[in-house]
Amino acid sequence: MHSLTSLSFISSLCSLSVLALRIPFDVRVETSPTHHFPRQSSSNGIVPIGNTQNSFYFTNITLGGQNISVMLDTGSSDLWVTGSVSGATDTGDSLTLSYAVGTAAGDIYTAPFGLAGQSVSDQAFLLVTNTSSFSSNIHAEGYDGLIGLGPNSGSSIYKKLSDNSGNNPINRIFEQSSSSSNDYITMMLSRSGDPGTNITGQFTIAEVVPGYENITNMPQLSIEKVYKVTDEDQHWQILTNKDNGIIGPDGQAISYSSIVPKAPDGQIVAVLDSGFTLPQVPRTVSDAIYGRVQGAEWSTTNQAWLVPCGQLINVTFNFGGVSYPIHPLDVSSSDFGVTFSNGNAACLGTFQPVTSAFSLLGEYDMIMGMAFLRNMYTLLSYGNFINGGSNSNNPYVQLLPLTNVESAVNDFIQVRLNGQNLINSSQYALLPASQQQHSPESAAEKKQQYEEEVLSRWPEILVGSLLFLILLVSYCVWRCCCRRKRLAKKAAKQKGGAAISGSGFKSSTYEPLQDSQSTTTLVMQPMRASTVDFKEEYGKDAFGRSP
């Protein structure tokens, strides 16, 4: 039985990375863990994956010549181990990984590394000497470290060492390869407790598990890239189909709008992450899956839906035009020992509302964890994710469906209903849509969504602010120019007025006209020769008084 205090959490390997590493360390295995290692493949490029009660998947690596079991995590990018590694070289650098339930601190070492037939002579890794702050004993759960299979840009060791010597293991393997055509890994996860499955856990590098070669014919799903300035948050994230990305229990598409600003309308972004035991989906999606189940109950303690264990729930995801049905044993789980509020046994709805792993930067909508990944064979092609490699192709994902719906129904009947086919009985009929229950959204979630709307749209906000600033400055310049023109016109008018005023004899500043010969011709002559002429003509003095 597992504890459900918090089945998944986020760690921050650097100040900008809030989704760099997630491990459900607080999932406790109180009984003896089931370490299921399939028979080793004859190929050096294929190694088995162990399974601890569908909660942890791990494989063996060699480090410093010794075998170490490490958890496989496609959602992070670093290698770390506990204990001691013989012959390891201390780089002199240290690193602390902080988690919601503890911290992992240690020094960065290098040592010879090997995985699936590939080797690196001096692989950098973090040697964690104390894991007591974690809420469970990771050794008891089947592993003594973790290998991150995500893009190298998310590696904290790489950033710490500041050169290519800190590149993560997968990057080192492919950058030293002479061929770039096979820069991919594949992963197939087993399902314990499923009597009808013959799938065993397998991990490969640069080759495909025999019998599953058709995976290379599946659609190549492009990776949704994050903003360049936050590329340490880059994950294996892909887009669902348009308008029917998720099909609910009633056979109808579940509607949801993406929080990723650049996601096309009708599509949402999913991160493929083997570090999460339970998938994290938008609250509206989780409610649509479980809210119409008779007797369903929202558990505040577990932050998940509880449903009757006999309720078969159908869910299908669509990517690249291909349908990927989820096994009903993965849609709800009986492995966690949860109970309804009345004390009766319940099953946990595995598709949890995304809360603590909510993307404040709006880079993804949901995290597809182990309960999702068990239903497909996964190929991850790194392409130009490889730092220093020769492959310039864009990275992509290919998914091969593994779940047969008819066989899955029979498995469910055998496991949950003791062989009695009751799935069509009235007690398991879905409620009408009008009676669907909705889980409560906390004030903290509402705040997160508001912050996401601001933070995830910072490029648009920045561009908009710059445009506003440019327009504001342009307006101010225009106003200043207009004012200067008005002042210039006013000054010109005042100057013109002063000129007219001078011609009204208030001022005599004109210089005398010059003549080349003399100025005598310009002397005014009287109209008559003298006043005598005037008197002789009119018989009186021109200046005399009138009688």
Side-chain angles (χ1 to χ4, degrees), residues 20 43-47 59 61 72-79 113-125 147-159 161-188 202-209 212-239 269-274 319-320 363 376-400:
S43 171
N44 290 330
I46 303 177
V47 294
T59 195
I61 63 169
L72 296 165
D73 184 15
T74 60
S76 68
S77 305
D78 282 304
L79 171 65
F113 166 86
L115 172 63
Q118 306 292 328
S119 62
V120 176
S121 60
D122 56 347
Q123 177 59 51
F125 66 96
I147 183 169
L149 305 172
N152 192 69
S153 62
S155 168
S156 291
I157 295 176
Y158 166 67
K159 296 183 184 70
L161 297 185
S162 301
D163 58 35
N164 289 345
S165 65
N167 288 340
N168 69 13
I170 297 299
N171 198 108
R172 292 293 304 278
I173 288 172
F174 288 140
E175 71 177 288
Q176 68 185 15
S177 174
S178 59
S179 173
S180 62
S181 60
N182 294 326
D183 289 354
Y184 66 83
I185 64 172
T186 76
M187 181 185 300
M188 184 186 300
Q202 304 282 350
F203 177 84
T204 78
I205 296 179
E207 60 181 284
V208 175
V209 174
Y212 297 90
E213 290 83 2
N214 194 41
I215 191 172
T216 59
N217 297 322
M218 301 306 293
Q220 294 184 0
L221 306 175
S222 300
I223 303 301
E224 283 298 294
K225 298 291 186 68
V226 301
Y227 299 117
K228 183 62 179 177
V229 294
T230 59
D231 63 356
E232 60 265 27
D233 290 327
Q234 180 66 63
H235 292 84
W236 295 106
Q237 47 199 69
I238 56 178
L239 284 169
V269 179
V271 172
L272 305 181
D273 190 346
S274 63
F319 296 96
E363 293 170 343
M376 57 210 65
Y377 180 32
T378 303
L379 183 151
L380 306 176
S381 179
Y382 288 79
N384 57 26
F385 273 166
I386 300 301
N387 183 29
S390 59
N391 192 338
S392 61
N393 296 326
N394 289 324
Y396 61 84
V397 169
Q398 289 178 296
L399 302 173
L400 179 69

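With rounding to the nearest 0.5 Å, the separation of OG1 in Thr186 from CG in Leu380 is 8.5 Å. The CD1 atom of Ile238 sits 11.0 Å away from atom CD of Gln398, with the distance rounded to the nearest 0.5 Å. One finds the CG atom of Asp183 at 10.5 Å from the CD atom of Glu175 (value rounded to the nearest 0.5 Å). Within the model, atoms CG of Asn168 and CG of Leu149 stand 8.5 Å from one another, a figure rounded to the nearest 0.5 Å. Of the inter-residue distances, the one linking His235 atom NE2 with Ser77 atom OG reads 6.5 Å to the nearest 0.5 angstrom. The CG atom of Leu79 sits 6.5 Å away from atom CD1 of Ile157, with the distance rounded to the nearest 0.5 Å.
Using modelled atom types, no side-chain atom of Glu224 and backbone atom of Gln237 make a donor-acceptor pair closer than 3.5 Å. Although no hydrogens or angles enter the test, the distance criterion places a donor-acceptor pair under 3.5 Å between the side chain of Thr74 and the main chain of Ser274. Between the side chain of Asn167 and the main chain of Arg172, no donor-acceptor pair closer than 3.5 Å is present.
Counting heavy atoms from C-beta on, the side chains of Leu239 and Leu221 never come closer than 4.5 Å. Thr204 is not listed as a side-chain neighbour of Met188, based on a closest heavy-atom distance of 4.5 Å or more. In this structure the side chain of Ile147 never reaches within 4.5 angstrom of the side chain of Phe203, judged on heavy atoms. Residues Thr59 and Val47 form a side-chain contact, since some pair of their non-hydrogen atoms from C-beta on lies under 4.5 Å apart. In this structure, Leu272 and Leu399 have side chains that are in contact, with non-hydrogen atoms separated by less than 4.5 Å.
Looking at every heavy atom in both residues, Val120 comes nearest to Gln176 through CG2-NE2, 4.1 Å. The two residues Glu207 and Tyr184 make their nearest non-hydrogen contact at CA-OH, 3.3 Å. Of all heavy-atom pairs spanning Ala124 and Gly166, the tightest one is CB-CA, 4.2 Å. Here the shortest heavy-atom pairing between Asn387 and Asn164 reads ND2-OD1, 3.0 Å. Counting all heavy atoms, side chain and backbone alike, Ser392 lies closest to Asn384 at O-ND2, 3.6 Å. Between Phe385 and Gln234, the closest heavy-atom pair is CZ-CG, 3.6 Å.
Using modelled atom types, one finds a donor on one side chain and an acceptor on the other under 3.5 Å when comparing Asp78 with Ser155.
Checked options Ile173, Ile170, Leu115, Leu379; the residue passing with Ile185 is Ile170 (criterion: side chain to side chain contact (heavy atoms under 4.5 Å, CB included)).
Take Tyr382 and apply the ring-ring contact (aromatic ring centres under 6.0 Å, His included) test, not counting sequence neighbours, and it matches Phe174, Trp236.
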